[in-house]
Participant: 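Before I ask anything, here is the structure I am working with.
Hydrogens, waters and symmetry mates are skipped; everything else that's a heavy atom, side chains included, is used.
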Amino acid sequence: MKRIRKAVLPVAGLGTRFLPATKAVPKEMLTVVDRPVVQHVVDEAREAGIEHFIFVTGRGKAVIEDHFDIAFELDHMLQERGKQAAFEELKKDLPKAGQTSFTRQQAPLGLGHAVWCAREIVGDEPFAVLLPDMLSRGCMGQMLEAYERHGGNVIAVEEVKPEETHQYGIVSVGETFDRTFEITGMVEKPKAGTAPSNFIISGRYILQPEIFAILEHGEKGAGGEIQLTDAMIKLAGQQKFYGMRYEGRTYDTGSKLGFLTANLAYALQREDLAAPLRAEIARLLGEA
């Protein structure tokens, strides 16, 4: 069983739900507290042991590449002014030379197409996919543990209320193994009342390279796009898929409410911000 070394991050989306903020700034570069959303996602993957980050970008996303590169003028200024702590923080966040790759998705043809665009860089080995809209802490680490137990393909799942299932991709639950279970089926945004479970696909995947041969056909699904879920359904006819119940909470920063909630949640976990932020929230709510 090959180790998971590479992660694909599809960052070509236009971020239309956040206009006008994303007219000139990529949605992945909007900040949760003091770090861009995409940096939080890379942090999660690095902590889990991922070594190579493959960004599938589009027009107007060059700033993401710049963010993960050395900024000579800034580094020089920080050291010249004695801001060593800030300099060391930037240095710590920077991937090592050769640990990032960037490829273009020239047209917005869907998540499946974005993943397919990374095929030459991934090569013939299993890989992770992390959706940069979805913020979580430790999810990829939990997924790698599940992969080491079961192999195959692993999807992170979370429970939602039954009345919310029509908004998500849903999996069917088969044989259960503690926090993981065999996936016996998948459906994208089922009609209300028809979902096979209330476990949603929450934006983290471990996939075998055979997925590329399926995506190669470019078959379009919902919304006229090449859907990753459709390709996974076909691959499930050949290989095992497992659901991994994520012990934590995922924040959808692609929605305004999810973005605001993520900022509050991450700030409240900071020793330097938690107490004063709670006081400000109390003032806003008229409780102080």
Participant: Taking all non-hydrogen atoms of both residues, which atom of A192 and which atom of H166 are closest, and how far apart?
Facilitator: N-CB, 4.2 Å
Participant: Identify the two heavy atoms, one from E188 and one from G169, that lie closest to each other, and give their separation to 0.1 Å.
Facilitator: OE1-CA, 3.9 Å
Participant: Considering only heavy atoms from C-beta outward, does the side chain of K27 approach that of V37 to under 4.5 Å?
Facilitator: no
Participant: Taking the inter-plane angle between the rings of F199 and F181 on a 0 to 90° scale, is it parallel (under 30°), tilted (30 to 60°) or perpendicular (over 60°)?
Facilitator: tilted
Participant: Could you walk me through whether F55 and F68 satisfy the ring pair (Phe, Tyr, Trp, His ring centres under 6.0 Å) test, starting with their C-alpha distance in whole Å, then the side-chain angles of each, then the deciding distance to 0.1 Å, before giving a yes or no?
Facilitator: CA-CA 11 Å; F55 298 87; F68 290 103; 5.1 Å; yes
Participant: Taking a hydrophobic cluster as the set of Ile, Leu, Val, Met, Phe, Trp and Tyr residues connected by side-chain heavy atoms closer than 4.5 Å, whether directly or through intermediates, do V25 and V38 fall within one such cluster?
Facilitator: yes
Participant: Are the side chain of E225 and the backbone of H113 linked by a donor-acceptor contact shorter than 3.5 Å?
Facilitator: no
Participant: Are any of the side-chain heavy atoms of V41 and L135 separated by less than 4.5 Å?
Facilitator: yes
Participant: Is E175 salt-bridged to K240, going by a charged N under 4.0 Å from an acidic O?
Facilitator: no
Participant: Apply side-chain contact (heavy atoms from CB on, under 4.5 Å) to residues E44 and L130 and explain how you reach the verdict.
Facilitator: CA-CA 10 Å; E44 176 196 343; L130 296 94; 4.3 Å; yes
Participant: Any donor and acceptor pair, going by atom type alone, linking the side chain of Q99 with main-chain N or O of K96 inside 3.5 Å?
Facilitator: yes
Participant: With rounding to the nearest 0.5 Å, note down the distance linking OG1 in T250 to CD1 in I200.
Facilitator: 7.5 Å
Participant: Above 12 or not: heavy atoms from other molecules or residues under 6.0 Å from NZ of K83?
Facilitator: no
Participant: For the residue pair Q239 and E210, confirm or rule out a side-chain donor-acceptor distance under 3.5 Å.
Facilitator: yes
Participant: Any side-chain heavy atom of N198 sitting closer than 4.5 Å to one from K161?
Facilitator: no
Participant: Does E158 have any salt bridge (charged side-chain N to carboxylate O under 4.0 Å, His left out) partners at least two apart in sequence or in another chain, and if so, which?
Facilitator: none
Participant: Are the side chains of R204 and S136 in touch, meaning some heavy atoms are under 4.5 Å apart?
Facilitator: yes
Participant: Go through the steps for Y205 and M232 under the test side-chain contact (heavy atoms from CB on, under 4.5 Å), then give the verdict.
Facilitator: CA-CA 10 Å; Y205 314 78; M232 291 193 298; 3.7 Å; yes
Participant: So, do R245 and T176 sit near enough that their side-chain heavy atoms are less than 4.5 Å apart?
Facilitator: yes
Participant: Distance check, rounded to the nearest 0.5 Å: I206 atom CD1 versus E148 atom CD?
Facilitator: 8.5 Å
Participant: For residues S101 and H52, report the shortest heavy-atom separation together with the two atoms involved.
Facilitator: OG-NE2, 2.7 Å
Participant: Quick check: does any side chain N or O of T22 sit under 3.5 Å from a backbone N or O of G15, one acting as donor and the other as acceptor?
Facilitator: yes
Participant: Do the side chain of H150 and the main chain of Y242 share a donor and acceptor less than 3.5 angstrom apart?
Facilitator: no
Participant: Would a hydrophobic clustering, with Ile, Leu, Val, Met, Phe, Trp and Tyr connected at side-chain separations under 4.5 Å, put Y251 with Y246?
Facilitator: yes
Participant: Do L228 and L207 have side-chain heavy atoms sitting under 4.5 Å apart?
Facilitator: yes
Participant: Between D34 and R270, does any side-chain N to carboxylate O distance fall below 4.0 Å?
Facilitator: yes
Participant: Under the 3.5 angstrom rule, does the side chain of S197 hit a backbone N or O of V171 as a donor-acceptor pair?
Facilitator: yes
Participant: Take atom NZ in K92; do more than 12 heavy atoms of anything else shown fall under 6.0 Å from it?
Facilitator: yes
Participant: Can you get from L285 to L268 by hopping between Ile, Leu, Val, Met, Phe, Trp and Tyr side chains that sit under 4.5 Å apart?
Facilitator: yes
Participant: Begin with the C-alpha distance, continue with both residues' side-chain angles, and end with the deciding distance and a verdict on side-chain contact (heavy atoms from CB on, under 4.5 Å) for L94 and K91.
Facilitator: CA-CA 5 Å; L94 198 66; K91 185 178 178 181; 5.8 Å; no
Participant: Return the CG to CG distance between L215 and L235, rounded to the nearest 0.5 Å.
Facilitator: 9.5 Å
Participant: Search all heavy atoms of F18 against all heavy atoms of S255 and return the closest pair with its distance.
Facilitator: CZ-O, 3.6 Å
Participant: Let me know which of T103, V129, V11, V115 forms a side-chain contact (heavy atoms from CB on, under 4.5 Å) with V56.
Facilitator: T103
Participant: Go through the steps to decide whether I183 and N153 satisfy the test side-chain contact (heavy atoms from CB on, under 4.5 Å), and finish with yes or no.
Facilitator: CA-CA 10 Å; I183 292 175; N153 303 269; over 6 Å; no
Participant: Mind checking whether V32 and V63 sit in one hydrophobic cluster, side chains of I, L, V, M, F, W, Y counted as touching below 4.5 Å?
Facilitator: yes
Participant: In terms of hydrophobic clustering (I, L, V, M, F, W, Y; side-chain heavy atoms under 4.5 Å; direct or indirect links), are F127 and W116 co-clustered?
Facilitator: yes
Participant: Between the side chain of S202 and the main-chain N/O of A156, is any donor-acceptor distance below 3.5 Å?
Facilitator: yes
Participant: Output yes when a side-chain donor or acceptor of T253 lies under 3.5 Å from a complementary backbone atom of D133, and no otherwise.
Facilitator: yes
Participant: Provide the closest heavy-atom pair for P209 versus D124 in the form atom of the first, atom of the second, distance.
Facilitator: CG-OD1, 3.4 Å
Participant: Strictly below 4.0 Å, N to O, side chains only: are K61 and E28 in salt-bridge contact?
Facilitator: yes
Participant: Do K6 side-chain atoms and E125 backbone N/O form a donor-acceptor pair below 3.5 Å?
Facilitator: no
Participant: Are V8 and I121 packed together at the side-chain level, in the sense that at least one heavy-atom pair is separated by less than 4.5 angstrom?
Facilitator: no
Participant: Just verifying a value: how many Å separate T229 OG1 and L111 CG, rounded to the nearest 0.5 Å?
Facilitator: 7.5 Å
Participant: If you round to the nearest 0.5 Å, how far is CD1 of I54 from OG1 of T100?
Facilitator: 10.5 Å
Participant: Using atom types as modelled and distance alone, determine if a side-chain donor or acceptor of R46 lies under 3.5 Å from a backbone N or O of D93.
Facilitator: yes
Participant: Give the minimum heavy-atom separation between M143 and V154, together with the two atoms involved.
Facilitator: CE-O, 3.3 Å
Participant: For D75 and Q79, does a side-chain donor sit closer than 3.5 Å to a side-chain acceptor?
Facilitator: no
Participant: Any side-chain heavy-atom pair from Y147 and M244 closer than 4.5 angstrom?
Facilitator: no
Participant: Answer yes or no: is there a donor N or O on one side and an acceptor on the other, between the side chain of N263 and the main chain of V33, under 3.5 Å?
Facilitator: yes
Participant: CD of Q227 to CD1 of I233: how many Å apart, nearest 0.5 Å?
Facilitator: 10.0 Å
